[in-house]
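To start, the structure under review is shown below, and the notes come after it.
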Amino acid sequence: MSTEDRPPAPRSLAEALRARGDAALGALLRSRPDLITPVPTDLTQLATRAGTRASVVRALERLDRFTLQTAEALAVAADPAAYAELLGLMAGDDADPAVVAALPHAVGLLREQALVWGGDDRLRLVRTARELLAPSPQHPSPTGLGPTVQEATAGMSPGRIQEIVTAAGLASTHDSVSAVSALSGLFTDRARMAALLADAPADSVEVLERLVWGPPYGQVTADPAARLRWLLDRGLLLPTAPGTVVLPREVALHLRRGLAHRAPEPVPPVVKTAAVHRPQVVDSAAAGQAYTALATVEELLKDWDEGGPAVLRAGGLSVRDLKRTAVALDVPEPAAAFWVELAYAAGLLASDGEADERYAATPAYDEWLEQPPAERWSRLVTAWLAATRTAGLVGGRDAKDRTLSALGPGLDRSAAPEVRHRVLALLAGLPEGAAPAAGSVLARLRWERPLRGDRREDDLRGRLAEWALSEAELLGVTGRGALSAQGRALLGAPPAPAPGPEGEPSGPGDKLPVHHHHRTAPLAPLSPAEQAVASAAAARLLAPLLPEPLDHVLLQADLTAVAPGPLRRPLADMLGVLADVESKGGATVYRFTPGSVRRALDAGQAASDLHAFLAAHSRTPVPQPLAYLIDDVARRHGHLRVGAASAYVRCDDEAVLNEILADKRAAVLGLRRLAPTVLAAQADPAGLLEGLRAMGFAPAAESAEGDVLITRALAHRTPPRTAPEPVPDGPPVPDDTLLAAALRAIRAGDLASTTPRKPGSAPAGNGELPRTGAAETLATMQAAVLTGEALWIGYVNAEGAASQRVIAPVRVEGGFVTAYDHTADEVRTYPLHRITGVAELADDAG
């Protein structure tokens with residue numbers, strides 16, 4: 001392309017954006033969705049918004065380490081800078097091949113993100129980014145470089161500058177500007193600088209070496225030592241304040257052999273393999289964990305069936321209630337916090353909203369229980385992937401030094417879903433059955449988001465990654481540290497890469513040569529619809545691996561029953577009432593006690609029902625001690641009757657009532673005899689029932705009609721509740737429909753604001769709307785209908801939002817103008833009273 005045919009270089013970011021196609025502009029809006037919230041009126045406003053501090057900081061936070069290093073190098077380069085200068089700063093005098101290969105992609109990414117604009121001969125970092133990344137005494141540059149010679153000598157006297165120039169072996173000049181320019185030329189000339197430093201004392205060179213990689217500032221006394229005096233005389237160190245000197249940027253770059261960064265990182269760290277297992281072992285281990293996860297959540301909510309812990313005034317669980325929950329689940333407290341938060345995120349748990357507010361299962365929990373196990377697991381892990389609430393923070397402190405509690409406020413971290421997804425995506429990039437070294441995963445994440453991983457909130461991103469790895473194992477997304485087949489399906493990931501040519505390693509010490517490059521497209525998060533499909537596929541893979549529920553137990557003579565595997569729901573529910581769980585694991589052990597048998601009788605079961613139930617579901621004969629226990633408890637059950645007086649006890653056997661009155665433990669119940677067979681109590685019926693049971697009796701409650709009151713365990717449920725919404729990390733990424741509409745509006749608005757006007761038409765500039773009177777507006781509209789010309793109008797909608805539009809009027813009548821609107825690319829009707837003014841377009845406006 002000849003110089004004449006080459007399009008003119010853009011003079012601003014807005015012009016650079018104007019030259020982009022829709023695909024490139026759409027890519028910018030997808031990567032920086034804050035730019036279309038709300039939709040800009042034109043490309044000038046889009047460019048202005050892209051240069052605001054908040055938007056630039058957000059964009060910089062999403063850069064990988066090498067791209068950020070490239071932006072930092074541009075911040076210390078000339079403005080504008082040629083690509084060759086940037087390459088020298090990044091690759092150094094030795095022209096590191098890896099940097100040379102990676103730099104075009106980094107520059108392209110910065111351009112795509114609208115952080116850099118201009119051609120390769122005039123690369124410009126947007127002003128806000130340069131201010132954020134350029135070195136200053138208050139904010140040192142990550143490069144470790146200091147100010148240029150020109151910046152450091154800005155306040156220096158002309159005489160002192162001439163002295164430095166002379167001492168450096170340069171000819172004196174007539175003005176300070178040329179003197180500073182000559183000194184800068186010396187420091188950037190490698191051959192002359194080498195000759196100058198060859199004469200430097202060894203201890204002076206040692207001073208330079210201490211400052212070369214930063215920080216570039218040092219302290220000196222009023223009477224500097226000889227080694228410092230030699231450097232100060234020649235401008236190799238320049239004073240910036242009393243007692244402070246700085247190493248000029250040009251000198252540092254010479255000593256660094258041109259490098260802006262001590263260690264450029266063009267290639268991301270490799271995710272190393274810590275161990276490799278057979279895929280079948282991984283999937284089986286993950287399925288076992290998935291079953292345990294389902295059982296744990298079910299046990300948690302069953303324990304809270306009659307109303308769980310109270311809600312703290314500030315929200316959340318108390319420390320004591322979390323400890324009780326951990327004991328009940330037989331897990332550490334951090335794990336208990338995770339299960340509680342997971343149930344909450346999945347919509348299975350919420351507060352009941354009563355005056356005495358408590359946590360309880362939601363109606364959705366009962367629906368969840370009826371689903372097949374694999375689908376229940378799918379619902380849990382889908383909620384986990386998207387949740388911003390972070391259980392790992394429980395027990396920590398917030399910004400106001402308040403303790404963060406489970407289910408309480410302050411646990412949302414908007415980066416959590418992205419980190420979880422990225423951690424699993426990195427695991428998906430490993431060969432099947434390969435478990436990563438956790439440290440290498442964290443190193444990779446820090447490379448991908450250095451501003452978020454190294455310098456903010458005490459490495460929150462690293463902690464989120466560690467929690468993601470452990471939680472994925474608890475949920476059965478991974479098994480033995482490796483991503484399972486169902487976990488891979490959950491991400492919508494392609495099949496795992498095959499192992500290296502040497503075959504599959506078999507020991508934990510074996511390594512797989514896995515290579516990743518940052519230019520490889522990462523596994524993108526799925527849309528809600530895509531995630532639903534992926535979750536269903538994961539459930540289908542998991543279903544055959546879960547143990548089949550059993551319909552039997554093994555009764556033993558020591559009043560225990562052994563369930564050799566998971567039980568079918570009706571059997572498990574009934575056995576949970578009739579016996580107490582003694583131990584869990586691969587086989588669950590239940591123990592029958594008088595209290596557990598009485599619990600079954602209170603729930604409306606007769607002794608004959610219990611005998612029939614055990615005989616039907618035991619692979620072994622019902623032991624005689626168990627049969628005797630059931631009959632003995634049943635014989636005494638309901639012999640005493642408790643009703644409401646405050647409460648009373650009645651019994652046909654006076655001797656039993658005499659025994660109760662004589663028992664010292666009955667004193668707290670406030671009993672007194674009303675009749676030979678009736679005792680009255682000051683305690684309420686529930687308290688009286690508990691007191692008599694504690695004394696060894698087996699009373700039954702009765703209704704006002706005198707019938708035995710069957711106290712079935714009715715589960716306490718909250719009103720219908722929705723699961724907590726994740727807190728987004730900034731504006732959501734626009735979908736295709738919104739993006740197309742936004743692009744059309746921006747293009748049209750830009751057309752309206754940049755189309756040439758006829759001389760003498762309504763003034764416009766800097767986004768101002770045209771202003772004309774009502775009569776002139778109407779006359780111009782009517783004329784345009786006859787001539788078919790397009791007009792430029794200002795319009796204020798019903799909400800008061802002003803915009804500029806290019807329209808071609810078709811009809812004017814009844815106070816309305818019907819026109820083809822180039823802004824919306826459709827025919828629209830506008831009230832004339834909402835049009836602020838009109839202007840004719842130039843004849844050559846295209």
TODO: Report yes if some heavy atom in the side chain of R249 is under 4.5 Å from a heavy atom in the side chain of V76; otherwise report no.
DONE: yes
Open item on the list: Determine whether a donor-acceptor pair (N or O, by modelled atom type, separation under 3.5 Å) exists between the side chain of R834 and the backbone of Y795.
Closed with: no
- [ ] Identify whether the distance between the nearest side-chain nitrogen and carboxylate oxygen of D735 and R30 falls below 4.0 Å.
- [x] no
Task: Close side-chain approach of P80 to L123, heavy-atom, < 4.5 Å - done: no
TODO: Without swapping roles, check the side chain of T67 against the backbone of L63 for a donor-acceptor pair under 3.5 Å.
DONE: no
Task: Carboxylate-amine/guanidinium proximity below 4.0 Å for E61 and R449 - done: no
Task: From L110 atom CG to H105 atom NE2, the distance as rounded to the nearest 0.5 Å - done: 10.0 Å
- [ ] Would you indicate whether the side-chain heavy atoms of L393 and R463 approach each other to under 4.5 Å?
- [x] yes
TODO: For V827 and V810, run side-chain contact (heavy atoms from CB on, under 4.5 Å): C-alpha distance rounded to whole Å, both residues' side-chain angles, the deciding distance at 0.1 Å, then the answer.
DONE: CA-CA 9 Å; V827 175; V810 177; 5.6 Å; no
TODO: Could you go through the side-chain contact (heavy atoms from CB on, under 4.5 Å) check for W447 and D64 one step at a time?
DONE: CA-CA 6 Å; W447 185 92; D64 62 62; 3.5 Å; yes
TODO: Evaluate the side-chain proximity of P264 to L259: yes if any heavy-atom separation is below 4.5 Å, no if none is.
DONE: yes
Open item on the list: With a 3.5 Å distance limit and no angle check, can you tell me whether E112 reaches the backbone of A24 through a side-chain donor-acceptor pair?
Closed with: no
- [ ] Would you indicate whether the side-chain heavy atoms of T829 and R811 approach each other to under 4.5 Å?
- [x] no
Open item on the list: Between E448 and R65, does any NZ, NE, NH1 or NH2 come within less than 4.0 Å of an OD or OE carboxylate oxygen?
Closed with: no
Task: Any residue meeting side chain to side chain donor-acceptor pair (under 3.5 Å) with E15, in chain and number order, not counting sequence neighbours - done: R11
Open item on the list: Using a 3.5 Å distance criterion without hydrogens, assess whether the side chain of Q45 forms a donor-acceptor pair with backbone atoms of D42.
Closed with: no
Open item on the list: Check whether S12 reaches the backbone of P10 with its side chain - one donor and one acceptor, N or O, closer than 3.5 Å.
Closed with: no
Task: Check: P33 main-chain N/O paired with T37 side-chain donor or acceptor under 3.5 Å - done: yes
Open item on the list: Closer than 3.5 angstrom, by distance alone: can the side chain of R32 be matched with the main-chain N or O of Q113 as a donor-acceptor pair?
Closed with: yes
TODO: Would you check if the side chain of R420 reaches a backbone N or O of A387 as a donor-acceptor pair within less than 3.5 Å?
DONE: yes
TODO: Look at D459 together with R446 and state whether they make a salt bridge at an N to O cut-off of under 4.0 Å.
DONE: yes
TODO: Salt-bridge test for D120 and R111: reply yes if a basic N is under 4.0 Å from a carboxylate O, no otherwise.
DONE: yes
Task: Short N-O contact, R422 and E418, less than 4.0 angstrom - done: no
Open item on the list: What verdict does the side-chain contact (heavy atoms from CB on, under 4.5 Å) test give for L87 and L103, after you've listed the backbone C-alpha separation in whole Å, the side-chain angles of each residue and the deciding distance to 0.1 Å?
Closed with: CA-CA 7 Å; L87 180 61; L103 189 59; 3.7 Å; yes
Open item on the list: Tell me whether H261 contacts the main-chain N or O of Q69 through its side chain, where contact means a donor paired with an acceptor under 3.5 Å.
Closed with: yes
TODO: State plainly whether the residues R747 and D22 are in salt-bridge range, i.e. N to O under 4.0 Å.
DONE: yes
Task: Side-chain donor/acceptor of S55 to backbone N/O of T52, under 3.5 Å - done: no
Open item on the list: With heavy-atom distances below 4.5 Å as the criterion, would you say the side chains of I746 and L29 are in contact?
Closed with: yes
Task: Verdict with supporting geometry, L385 and L424, side-chain contact (heavy atoms from CB on, under 4.5 Å) - done: CA-CA 10 Å; L385 270 178; L424 296 182; 3.9 Å; yes
Open item on the list: With a 6.0 Å cut-off (strictly less than), is the heavy-atom count around CZ of R127, excluding the residue itself, greater than 12?
Closed with: no
Open item on the list: Among L60, V56, T143, which residue satisfies the side chain to side chain contact (heavy atoms under 4.5 Å, CB included) criterion with L133?
Closed with: L60
Open item on the list: Could you tell me if the side chain of P38 sits less than 4.5 Å from the side chain of R49, heavy atoms only?
Closed with: yes
Open item on the list: Pairing donors with acceptors under 3.5 angstrom, does anything connect the side chains of T777 and T772?
Closed with: yes
- [ ] Taking the side chain as every heavy atom from C-beta outward, state whether T128 and L132 have any pair of such atoms under 4.5 Å apart.
- [x] yes
